[in-house]
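The analysis underlying the following values was restricted to heavy atoms, covering all of them including side chains, and did not include hydrogens, waters or symmetry mates. Positions are given from 1, in the same order as the sequence printed here.
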Amino acid sequence: YYILQKKTYSTVMQKFRHCFNQSNRLLSQATQSRHITTSLARLNSKYSANRLAGLRPSVWVEFTQLVAKHNPVSNLGQGFPDFDPPKFLLESLERTARDPAAHQYPLSRGHMPLLQAIARFYSPLYKRELEPNQNVAISNGAYGSLFSISQAFVNPGDEVIIIEPFYDCYINQVMLGGGHLKFVPLRATKDNPKNSQDWSIDPNELEKAFSNKTKLLVINNPNNPLGKVYSKHELKMVADLCQKFDTICVSDEVYEFNTFDGLPHERMATLDGMWQRTLTTHSAGKIFSVTGWKTGWTIGPKELLDDISTIHSSSLYCTVRPTQIALSEGFQRETSLADDKSRSYIEELRNYLQDRRDQLCSGLDSVGIVPITPSGTYFLMGNMDNYVTAFPAGKFGSGTRDYQMARWMYEVVGVGVIPPTAFYSEPHSHLGEKFLRFSFSRTPESIDRAIAAIKKFSH
C-alpha cells in the first residue's frame, strides 16, 4: 500500500519494521512458534539488515547450550566423533606446525598440494581426469562450499528445490540470496518402516516442484539425518528433471564413504549429462574424523567453480593452510592404498561405524525405541512412540513434540539427541515429530552409557 502511494523508501521501511515488530509481539503471544518468533525477533535491532527477516534459528545453538548446562552422561547429539583422528594425520600436522612457511596465506582457491591430491584421489571415482586448478575448490568446510554456491548462483526470485530431510543450513543460505524455497520430502513407503531405504521421493511430487524458474536442486546423499543412500535409479530420476528444466544440481556428499552393508555410493556427477550441471560438496571432517579442521571442497566444471571461487575469495578468502598441508598427505596415503583396502583409514572408519551402528540399533531396540537402520552417514532416527508413552508434553518448552522430547532427554534422561524437525520445512515437520536423531560416531563406551541411561526411563 505504501509503495503504491509512492511514499519514500525510508517511510516504507519504517512502516515495514513497525508491522514486523507488532506481528512479532502478537504471534509470540498467540502461537509461541519457535520458527516465527525467533526469526522475526532478528529485526528488533534498528541496525539489522532486512535480509535477516525470516531466517530460521540454528538448532545447534540451543542444544549446544543444553550440553553445557546439563552435562549429559552421553552426548549422541552433534555429529562429531569422540574418538581420536588417525595417528598419521596428527603426525603430519605436527610436522607441518614446525615449518614457518606453513603458517602464511595459501592460495584463495586452495593449497596446491591439496588440490592436486584431491584431484588424483577423486579422478577414478568421478570417472574423469580432474584438473586441480579447474575442477576443485577448497573452502571452510562443506558449509562454506554450500554458502559460496548459494551466493554465486541464486538471484532474488530464483526457485530452489530442497529434498527433505535436509541439513539445516541449506534454507538460510538460499534465503540470504533471495531465493524462493520449494520442498520435496522423502516419504516412507511402508506403514512401519525399519530401514532408511524404506523412504523414497515421489516422482510426481518432485516433477511438480520444478518450473522454468528452478535454478538449483539440493540433495544430500547419503542423507542426514535419515541415513538414506540413493540408488542410481533414484538419482537418474532427479538428474533427468534437472536436465529437462536446465537446473544446477547441488549434491552434498559429505558422507560419501560412510555407507554400510556393501551398499555403493552413487555419484550424481557421473550420470549421463550431469557433469556440466552438478556441484558436489565434500568434507575432510567426515572422511578423516577431524570436524574441527573445517576443511571442505567442491568438485565440478570450471565454469561453475570459477563463480564459487569469486564468492569465496570475496568473503572468507582462504582456508587454514597447515590443515590443508596435513590433509594433502592424508589423501596421498589413501591414494597409495587404493589396491590395499586393509590399510585404508577410510575403510577402517567405515567398518568401525557399521559396528557402532549395529550396537546403537540393538541397544535402542532393547529399551523400546525403534531404530530406523541407516544405510549411510553416522546418524539414525529412533521412533519414540513406544518409549515416551508417558512423556509429559508441554513441560519442556514450546515447539514441536520432538523438540520437547529432545529437551527432556538432556534434562531428565541425561542423553544428548537432536530433534529431526529441524531438518524439515514447516508443512512437512509432522514427518519427523515422532523421531529423535542419534549419532553413532562414538566409542562403544559412550553408546553403552547412553543406552543404560535411557533404559532407566523405559516403560
Does a side-chain heavy-atom distance below 4.5 Å link Ser328 with Gln116? no

SG-CG distance between Cys242 and Leu235, expressed to the nearest 0.5 angstrom: 10.5 Å

Lys/Arg-Asp/Glu bridge criterion (N-O < 4.0 Å) met for Lys236, Asp272: no

If you count the non-hydrogen atoms of other residues, nucleotides and ligands that lie under 6.0 Å from CG in Asn351, is the total more than 12? yes

With distance as the sole test, does Asp168 use its side chain to make a donor-acceptor pair with the main-chain N or O of Ser58 at under 3.5 Å? no

Which of parallel (below 30°), tilted (30 to 60°) and perpendicular (above 60°) describes Tyr352 and Phe83? perpendicular

Hey, is the main chain of Ser123 close enough, under 3.5 Å, to the side chain of Glu129 for a donor-acceptor pair? no

Within a reach of under 6.0 Å around NZ of Lys182, are more than 12 heavy atoms found that belong to other residues, nucleotides or ligands? yes

Please determine whether a side-chain nitrogen of the Lys or Arg among Arg401 and Glu433 lies less than 4.0 Å from a carboxylate oxygen of the Asp or Glu. no

Got Ile118 and Ile138 here, is their nearest side-chain heavy-atom distance under 4.5 Å? yes

Step by step, work out the side chain to side chain contact (heavy atoms under 4.5 Å, CB included) result for Leu305 and Gln134. CA-CA 7 Å; Leu305 282 196; Gln134 295 185 11; over 6 Å; no

Minimum heavy-atom separation for Asn195 and Ile372, please, with both atom names. C-CG2, 3.6 Å

Please check: side-chain N/O of Ser148 versus main-chain N/O of Gly144, any donor-acceptor pairing under 3.5 Å? yes

Heavy-atom closest pair (Tyr387 atom, Ile454 atom, distance to 0.1 Å) is OH-O, 2.7 Å

Give me the atom names and distance for the closest heavy-atom approach of Phe80 to Thr291. CB-OG1, 3.6 Å

With a 3.5 Å cut-off and no angle check, do the side chains of Glu234 and Ser200 form a donor-acceptor pair? no

Output the distance between atom CD (Glu329) and atom CD (Gln324), rounded to the nearest 0.5 Å. 13.0 Å

Just wondering, do Tyr410 and Asn75 contact through their side chains at under 4.5 Å, heavy atoms? yes

If I take atom NZ from residue Lys228 and atom CG from residue Asp198, how far apart are they, to the nearest 0.5 angstrom? 8.5 Å

Quick one: does NZ or CZ of Arg333 land under 6.0 Å from the six-membered ring centre of Phe88, within 45 degrees of the ring axis? yes

Of all heavy-atom pairs between Phe121 and Pro124, which one has the smallest distance, and what is that distance? O-CD, 3.4 Å

Tyr230 side chain near Ile163 side chain, heavy-atom distance below 4.5 Å: yes

Flag side-chain contact, heavy atom, 4.5 Å: Ile161 against Phe210: yes

Can you check whether Ile346's main-chain N or O pairs, donor with acceptor, with Ser344's side chain at less than 3.5 Å? yes

Quick check against the 3.5 Å criterion: does Asn172 have a side-chain atom that pairs as donor or acceptor with the backbone of Val174? no

Between Thr400 and Ser429: side-chain donor-acceptor atoms closer than 3.5 Å: no

Euclidean distance, Glu334 CD relative to Phe257 CZ, rounded to 0.5 Å: 8.5 Å

So Leu316 and Ser139, side chain to side chain contact (heavy atoms under 4.5 Å, CB included) or not? Walk me through it. CA-CA 8 Å; Leu316 301 170; Ser139 188; 4.3 Å; yes

If you look at every heavy atom in Lys286 and Asn258, which pair is closest and at what distance? O-OD1, 4.2 Å

I'd like to know if the side chain of Asn135 reaches the main chain of Glu131, judged simply by a donor and an acceptor atom lying under 3.5 Å from each other, with no hydrogens or angles considered. yes

Which atom pair, heavy atoms only, marks the closest approach of Cys249 to Met274? CB-CE, 3.8 Å

Keeping the roles fixed (side chain from Thr214, backbone from Ser211), state whether a donor-acceptor pair exists under 3.5 Å. yes

For Thr64 and Val67, what are the C-alpha separation, side-chain angles and deciding distance, and is it a side chain to side chain contact (heavy atoms under 4.5 Å, CB included)? CA-CA 5 Å; Thr64 299; Val67 172; 5.5 Å; no

Does the side chain of Val59 come within less than 4.5 Å of Pro419's, by heavy atoms? yes

Could you check whether Arg357 makes a cation-pi contact with Phe379, meaning its NZ or CZ is under 6.0 Å from the centre of the six-membered ring and within 45° of the ring axis? no

Backbone N or O of Phe147 within a donor-acceptor pair of the Gln173 side chain at under 3.5 Å? yes

Determine, stepwise, if the pair Thr247 / Leu241 fulfils side chain to side chain contact (heavy atoms under 4.5 Å, CB included). CA-CA 8 Å; Thr247 298; Leu241 289 169; over 6 Å; no

Is it possible for you to check whether Arg356 lies under 6.0 Å from the centre of the six-membered ring of Tyr378, through NZ or CZ, and within 45° of that ring's axis? no

State which residue, out of Asp306, Asn133, Thr319, fulfils the side-chain hydrogen bond (donor to acceptor under 3.5 Å, both in side chains) condition with Arg109. Asp306

For the side chain of Arg407 and the backbone of Phe396, is there at least one donor-acceptor N/O pair under 3.5 Å apart? yes

So for atom CZ, which belongs to Arg128, do other residues, nucleotides or ligands contribute more than 12 heavy atoms lying within a distance under 6.0 Å? yes

If the condition is salt bridge (Lys or Arg N to Asp or Glu O under 4.0 Å), which residues does Arg350 pass it with, not counting sequence neighbours? Glu347

So if I apply the side chain to side chain contact (heavy atoms under 4.5 Å, CB included) rule between Leu436 and each of Ile418, Asp402, Leu380, Val415, which one comes out positive? Asp402

Between the CD atom in Glu411 and the CG atom in Leu66, the distance rounded to the nearest 0.5 Å is 6.5 Å

Can you name the one residue among Val250, Leu279, Val238 that meets side chain to side chain contact (heavy atoms under 4.5 Å, CB included) with Met268? Val238

Interatomic distance, Phe438 atom CZ to Met409 atom CE [nearest 0.5 angstrom]: 4.5 Å

Within the structure provided, determine whether Phe245 and Glu159 are in side-chain contact (heavy-atom separation under 4.5 Å). no

Exam field: side chain Ser439 to backbone Gly77, donor-acceptor pair closer than 3.5 Å: no

Taking the six-membered ring for Trp, is the centroid-to-centroid distance between Phe331 and Phe288 below 6.0 Å? yes

Mind checking whether Tyr170 and Asp252 have side chains closer than 4.5 Å, heavy atoms only? yes

